[in-house]
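Below is one structure, written out as structure tokens, with a few remarks after it.
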Amino acid sequence: MYQVLTNRLREALAGHIHEKYGVELAIVLERPPKIEMGEAASPVCFELAKRLKRAPRQIAQEIANGLGKIEGIARVEVAGGGYLNAFFDRRGFWEALRQAEAKGPAGMPALRTEKIIVEHTSINPNKAAHIGHVRNSVLGDTMVRILRHTGNRVQIQNYIDNTGVQVADVVIGFLQMEKVTPVWLKNRAMEPKFDYYCWDLYAKATNFFAEDKARAEKLRGATLRAIEEGQGEDAEVAQVVADAIVTCHLRTMARLEIHYDLLARESEILHLHFWDAAFEMLKKSGAIQLATTGKMAGCWIMPWKEEVKEGKKVEEKNEKAEDDENMQDKIIVRSNGTVTYVGKDIAYQLWKFGLLGKDFHYRKWPNAPEGHTVWATTSDKDDPGAPHFGEPAATVYNVIDARQAYLQKVVAMGLQALGHGKAAEQSIHLSYEIVALTPRCAAEMGYELSPEEAKKPYVEVSGRKGFGVKADDLLDKLEEATLAEVQQRHAEMRADEQKRTAHAIAVGALRFFLLKFTRSSIIAFDFKDALSFEGETGPYCQYAVVRIRGIRRKGAEVGATNVEVTAENVGQFLAGVEGNGLWQLLAAAGSLDYAVDAAIATQEPAFVAKYAFQLAQEFNNFYHKHHILTEADEQKRAFLLRLTELVEAQLVRALSLMGIEAPEKM
RNA sequence: GCGCCCGUAGCUCAGUUGGAUAGAGCGUCUGCCUUCUAAGCAGAGGGUCGGGAGUUCGAAUCUCCCCGGGCGCGCCA
């Protein structure tokens, strides 16, 4: 609602200024520091003063007088040195918000026809998921929810690198180190915690390779080739491992309410010759070149081009470095003819935009979490019921950590070089920083810190070394802690209800914890912070909802909910200085669209987390000032009840955008 | 060496395209539960926004330089 009004105000101001002064200006709007100063303010007159060479306050006065009535805005005043402060029509805001709420999701904008792909999770299928992977999945999943909320058609993809080095390492671990048979492995893979087993084995394999580099290279090369070709025992074992681990990951993510539409597997990129098609295109267009001299001789490389900014070419500054090799050039095909990860990713990215001229075959993933259908790519025959995954996307979000920024740039450059500038532009690297551990947390995990590490603010996790906080362990710990708390508070609750509640709180705590930081912030993980349920946390927000529901339940019991509030009374309760407190809560409730727009514009889900927390905070503040059910004035009581219902609806929605459920009691 | 990111209260972080007196949580201290759940609320204390210069009516935000930290730049992914 807030965004609707500010957009209206923006248009009105722009139009008026253009008409009166003949100046085209982008209207900047900000939120005044205090509610007494209105709900939206524009410093546009300062800019205008410069152009018109007149005093800003004078111009502001002129505009305030000349600007006609804007629907939903009661008045526009001049403030400070020349601010234009807009005051919303409080009663109108109330009514509009209630109407929108009554309409429900049907009142959402019409579904857009373009397709958006969000790729997230994409964990190497050779070990259990850790906390860093969860940040990826939670960010991606939340982005999906926000995009869908605003009427976008979104498809969720999870890329499975089932033919890569990491899987190969575990295969070697099983076959060369543990010397197990494929039959044994198939049985073990069905048992619980197979991902934990591989977690340890992967660490062991890393050590094994470190002992003898030459042996490692030979084994890896042979295993990798076998897996890529899909032949023999190595390939068979690799598929058993990768499939079983993917199923583990799906189960872990399902605990966090994260699901996928399609598992895009690298094996199909190879077997269905996606790469061959992309390779031809890249060669033909000259996007990649065969290096004939230097240390990259025999490789197909993509030359690094300086960016073209606003039409003007930045000077090619690598004239001198040209004679030998450019450090930035990226090898796409190795001299032995095998393709690098980036090459495969270019092919995959081309497919996402429908530019490859090829499509996968699709089948249902056999071990999807209960109640969900997940599709996977296959080289075999199509399931006729499969959705049309090959439909070109207009925009693609790739949720990948910040360390891979360079590679993502190379991929986009590949699209650009093939003449797909639009696709390159709509190929968005949703970058985020890593989750590390505080030194204290690392020590808790049994990791021996060097004196230097102990002084640093964080220690990086390493899947290779088997060092990190596993997602399932963390969830178990959270659920244990929340369950103990719920049992203590609600002994009367049925056991399964207690468990469900504890689960919801655990998920709320974890998801909120990962979302409250902006993407560029490194999270130094600590159990103490993650297990905290007070202050700026998910449970704090959930608790506000629970309080409202408590009031509603009790209100219904005593029959306080059936009174209709007259429009006049609504206006009166919200009016003036006395109404400021209530109005502030109402305005906060009506500002979800503002947070959502900001989240999409900046691809920063943290805006929604911030919003939910602030609304919960406003509510708690209100809760302590007003005792609703004992309010003597029947009209006022009914009004306060309606107000809390509005808050509840918005807060529940904000939480659901983050994949957080608000329990009935907690 | 080149490129990207970061530096804001004791700690962890917000601060939207430059805007009004720089905010929140945690921690510390002081209060508030016979009243809709205290996973809560109120209050106090806490700042050269890393440093310097510049652009601007206006800079935590933009530009440049410097300091400090992180990451990337591999025939790994």
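A note on names: the letters A, B, ... follow the listed sequences, proteins ahead of strands, and every chain is numbered from 1. FYI, side chains are in, hydrogens and waters are out, and symmetry mates aren't considered; it's all heavy atoms of this structure.
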For atom [atom1], what is the distance between [N] and [M], given to the nearest Å?
{"N": "B:C33", "M": "B:A42", "atom1": "P", "value": "16 Å"}
{"N": "B:G47", "M": "B:U21", "atom1": "C1'", "value": "14 Å"}
{"N": "B:A22", "M": "B:C29", "atom1": "P", "value": "28 Å"}
{"N": "B:U8", "M": "B:G46", "atom1": "C1'", "value": "14 Å"}
{"N": "B:C13", "M": "B:C6", "atom1": "P", "value": "13 Å"}
{"N": "B:A9", "M": "B:C5", "atom1": "C1'", "value": "23 Å"}
{"N": "B:C71", "M": "B:U16", "atom1": "P", "value": "27 Å"}
{"N": "B:C66", "M": "B:U12", "atom1": "C1'", "value": "28 Å"}

Round to a whole Å and report the spacing from [atom1] of [X] to [atom2] of [N].
{"X": "A:R220", "N": "B:G74", "atom1": "CZ", "atom2": "C1'", "value": "13 Å"}
{"X": "A:I523", "N": "B:U12", "atom1": "CD1", "atom2": "P", "value": "14 Å"}
{"X": "A:Y540", "N": "B:A39", "atom1": "OH", "atom2": "P", "value": "12 Å"}
{"X": "A:D345", "N": "B:C76", "atom1": "CG", "atom2": "P", "value": "16 Å"}
{"X": "A:M666", "N": "B:G40", "atom1": "CE", "atom2": "C1'", "value": "11 Å"}
{"X": "A:I331", "N": "B:C73", "atom1": "CD1", "atom2": "P", "value": "13 Å"}
{"X": "A:N620", "N": "B:C32", "atom1": "CG", "atom2": "P", "value": "20 Å"}
{"X": "A:Y432", "N": "B:C6", "atom1": "OH", "atom2": "C1'", "value": "18 Å"}

Have [X] and [Y] got a donor and an acceptor in their side chains that come within less than 3.5 Å?
{"X": "A:S267", "Y": "A:N162", "result": "yes"}
{"X": "A:T644", "Y": "A:R547", "result": "no"}
{"X": "A:Y540", "Y": "A:N620", "result": "yes"}

So, are [X] and [Y] salt-bridged, with charged N and O less than 4.0 Å apart?
{"X": "A:E645", "Y": "A:R642", "result": "yes"}
{"X": "A:E47", "Y": "A:R51", "result": "yes"}
{"X": "A:K344", "Y": "A:E266", "result": "yes"}
{"X": "A:K665", "Y": "A:E497", "result": "no"}
{"X": "A:D526", "Y": "A:K528", "result": "no"}
{"X": "A:R220", "Y": "A:E217", "result": "no"}

When all nucleic acid strands are considered with a 4.0 Å heavy-atom cut-off, which category describes [X]: base, sugar-phosphate, or nothing?
{"X": "A:A609", "result": "nothing"}
{"X": "A:V486", "result": "base"}
{"X": "A:G550", "result": "sugar-phosphate"}
{"X": "A:K456", "result": "sugar-phosphate"}
{"X": "A:A544", "result": "nothing"}
{"X": "A:N126", "result": "nothing"}
{"X": "A:H429", "result": "nothing"}
{"X": "A:T644", "result": "nothing"}
{"X": "A:V333", "result": "nothing"}
{"X": "A:I505", "result": "base"}
{"X": "A:D526", "result": "nothing"}
{"X": "A:Q617", "result": "sugar-phosphate"}

- prompt: B:C65: syn or anti, with syn meaning chi within 90° of zero?
  reply: anti

task: Decide, applying a 5.5 Å centre-distance limit and a 30° plane-angle limit (both strict), whether A:H627 stacks on B:U35.
output: no

Mind listing the closest non-hydrogen atom pair of [X] and [Y] along with its distance?
{"X": "A:A264", "Y": "A:Y348", "answer": "CB-OH, 3.6 Å"}
{"X": "A:I59", "Y": "A:A49", "answer": "CD1-CA, 3.6 Å"}
{"X": "A:G535", "Y": "A:F613", "answer": "O-CE1, 3.7 Å"}

Please tabulate the protein-to-nucleotide N/O contacts below 3.5 Å involving nucleotides 14-17 of chain B, giving atom names and distances.
{"from": "B:A14", "atom 1": "OP1", "to": "A:T518", "atom 2": "N", "distance (Å)": "3.0"}
{"from": "B:A14", "atom 1": "OP1", "to": "A:T518", "atom 2": "OG1", "distance (Å)": "2.0"}
{"from": "B:U16", "atom 1": "N3", "to": "A:Y594", "atom 2": "OH", "distance (Å)": "2.3"}
{"from": "B:U16", "atom 1": "O4", "to": "A:Y594", "atom 2": "OH", "distance (Å)": "2.5"}
{"from": "B:U17", "atom 1": "O4", "to": "A:L29", "atom 2": "O", "distance (Å)": "3.3"}

- request: Please check if the side chain of A:R549 supplies one atom and the backbone of A:E648 the other of a donor-acceptor pair under 3.5 Å.
  value: no

Would you say [X] places a side-chain N or O within less than 4.0 Å of OP1 or OP2 belonging to [N]?
{"X": "A:R403", "N": "B:C4", "result": "no"}
{"X": "A:N124", "N": "B:A77", "result": "no"}
{"X": "A:Y623", "N": "B:A38", "result": "yes"}
{"X": "A:R489", "N": "B:A39", "result": "yes"}

Under the 3.5 Å Watson-Crick or G-U criterion, the dot-bracket string of RNA chain B, with | for inter-strand pairs: (((((((..((((.....[...)))).(((((.......))))).....(((((..]....))))))))))))....

message: Please determine whether any donor N or O and acceptor N or O are separated by less than 3.5 Å between the side chain of A:N85 and the base of B:A20.
response: yes

task: Answer yes or no for A:R464 and A:F209: cation-pi contact, defined as NZ/CZ to six-membered ring centre under 6.0 Å and angle to ring axis within 45°.
output: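 No cation-pi geometry.
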
task: Test the A:R135-A:Y432 pair against the cation-pi criterion, namely NZ or CZ under 6.0 angstrom from the six-membered ring centroid and within 45° of the ring axis.
output: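 No, cation not above the ring by the 6.0 Å, 45° rule.
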
query: Which residues within residues 528-536 of chain A lie with some heavy atom under 4.0 Å of an atom in RNA chain B?
result: A:F533, A:E534, A:G535, A:E536

statement: Assert: residue with more 5' nearest nucleotide on RNA chain B, out of A:H626 and A:P457, is A:P457

- prompt: Which of these nucleotides, B:A77, B:C36, B:U21, is closest to any side-chain atom of A:L407?
  reply: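 Within the option list, the nearest is B:A77.
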
